[in-house]
Amino acid sequence: MPITLTAWVVAVAVSLWRSRPRLPEPGPTRTDLPGQEPPAVVSLMVNRWRSDEDAIDSTLLDLAARGFLELRETGDEPAQTTARLRKGDGRSLTPYEQQILDRVHRLSINGETSLTRLAFDSWTEARRWRRTFYRAVVEEARTRGLSRPRLSATTRRALLLGAIVPSLLMFVTWWWVDSELSAKVPDQVTGALIGTGAIYLAQYFLVDFGWADQTTQEGVAATESWLALREHLTTLEGVADLAPADVASWGREMAYASALGVLSADEALVRLTPGARSR
């Protein structure tokens, strides 16, 4: 049984290694927006499909650039910024964009709230909200053909079928051990089934762990272009120090600067986490 289980684990490791998301080299430096991908998708794309705070920040900035929100700095610090709900540009919203607007609406008084109020009171609530957000962004990326599940349906099916072999061997091994210990037949069956179920569930969860997506060929080409834009934005003086309210003059370009990680962490939007309230 140890040999077959080891062989199965090696097969999983090889499959995951071969399908790991890779970050391509940036294309030729460019100064224009290279595509129509939403900022949140761009953020995950350049972070190899791992959840990143910039995806949330950039989406809020993009909503402001498109007229769904008005960001106003009411003090000397960027954190002293308020968000007021507006009608927007008439274009439909994605589920994760609507999710942000819903939170702004829920915490608004007379249609306005401060960015610090958007933070959550507990990590449990924050994790649930963020999990829903990132899942919707990944779904959009897949719909656009930019990413796909880490393990293909064929590979996943083969690994789960292969997991049956060490599980059955566990059943036989457990039965034999119970027999040697002169256990009663009902106890032998129960023990063997528990051992078999436990090892198969462990294998199942390893395959369906929720690994980050892998980038498609279309996604690789798009990532190269967005990384090329990041090369340009990092050379522009003052971009890293932009405050949220500056989106009124910068427009969507600032949202993409946030998505690409160009804005400094201290000057970027307040994170939608419990810790944000204390900053």
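Computed over heavy atoms, backbone and side chain alike; hydrogens, waters and symmetry mates excluded. Not measured: the values here are computed from a predicted model. Index from 1, following the sequence.
Judged by distance alone, the side chain of S258 and the main-chain N or O of M254 form no donor-acceptor pair under 3.5 Å. When atom types are taken as modelled, the side chain of Y134 and the backbone of D52 share a donor-acceptor pair closer than 3.5 angstrom. The backbone N or O of S147 lies less than 3.5 Å from no partner atom in the side chain of T215, so there is not a single donor-acceptor pair. A side-chain donor-acceptor contact under 3.5 Å links N47 to the backbone of S43. Side chain of T81 to backbone of L71: no donor-acceptor contact under 3.5 angstrom is found. The main-chain N or O of L151 is never found under 3.5 Å from a side-chain atom of T155 such that the two would form a donor-acceptor pair. Between the side chain of D241 and the backbone N or O of G238, no donor-acceptor pair lies under 3.5 Å. Side-chain atoms of S19 come within 3.5 Å of backbone N or O of R150 as a donor-acceptor pair. Without hydrogens or angle criteria, R84 side chain to N110 main chain gives a donor-acceptor distance under 3.5 Å.
Counting only heavy atoms from C-beta outward, the side chains of L60 and L69 approach each other to under 4.5 Å. For the pair V137/T94, no side-chain contact is recorded, criterion being any heavy-atom separation below 4.5 Å from C-beta on. Within the 4.5 Å cutoff, the side chain of S15 has no heavy atoms near those of the V12 side chain. At least one side-chain heavy atom of D102 sits less than 4.5 Å from a side-chain heavy atom of R106. Within the 4.5 Å cutoff, side-chain heavy atoms of S225 are placed close to those of R30. Between Y204 and D208, some side-chain heavy-atom pair lies under the 4.5 Å cut-off. The closest side-chain heavy-atom distance from Y200 to L160 is below 4.5 Å. Using a 4.5 Å cut-off on side-chain heavy atoms (C-beta onward), I100 and I56 make contact.
In this structure, W129 and F133 have parallel ring planes: the angle between them is below the 30° cut-off, well short of the 60° mark.
In this structure, E53 pairs ionically with R130, as a charged nitrogen and a carboxylate oxygen lie closer than 4.0 Å. The residues R48 and D213 are annotated as not salt-bridged, no charged nitrogen and carboxylate oxygen being separated by less than 4.0 angstrom. A salt bridge links D62 and R66; the closest N-O separation between the charged side-chain nitrogens and carboxylate oxygens is under 4.0 Å.
Side-chain contact, Q214 with W49: no donor N or O sits under 3.5 Å from an acceptor N or O. Counted by atom type alone, E97 and T59 present zero donor-acceptor pairs between their side chains at under 3.5 Å. Between the side chains of S152 and T154, not a single donor N or O lies within less than 3.5 Å of an accepting N or O.
Under a hydrophobic clustering in which Ile, Leu, Val, Met, Phe, Trp and Tyr are joined whenever their side-chain heavy atoms come within less than 4.5 Å, directly or via other members, L146 and V220 fall into different clusters.
Atom OG1 of residue T29 and atom CG of residue L229 lie 9.5 Å apart, to the nearest 0.5 angstrom. Separating the CE atom in M45 from the OG1 atom in T223 is a distance of 4.5 Å, to the nearest 0.5 Å.
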Quiz item: How far apart are the C-alpha atoms of E218 and R144, what are their side-chain angles, what is the distance that settles it, and do they pass the salt bridge (Lys or Arg N to Asp or Glu O under 4.0 Å) test?
Solution: CA-CA 9 Å; E218 294 84 353; R144 289 174 175 267; over 6 Å; no

Exercise. Step by step, work out the side-chain contact (heavy atoms from CB on, under 4.5 Å) result for V239 and W250.
Key: CA-CA 10 Å; V239 173; W250 276 76; 3.6 Å; yes

Quiz item: Where do E139 and R135 land on the salt bridge (Lys or Arg N to Asp or Glu O under 4.0 Å) test, with the steps shown first?
Solution: CA-CA 6 Å; E139 187 59 36; R135 189 182 297 121; over 6 Å; no

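Around atom CZ of R22, more than 12 heavy atoms belonging to other residues, nucleotides or ligands sit under 6.0 Å away.
Scanning both residues, L206 and W211, for their nearest heavy atoms gives O-NE1, 3.0 Å.
Both the sub-6.0 Å distance and the 45° axial angle are satisfied by R103 relative to the ring of F120.
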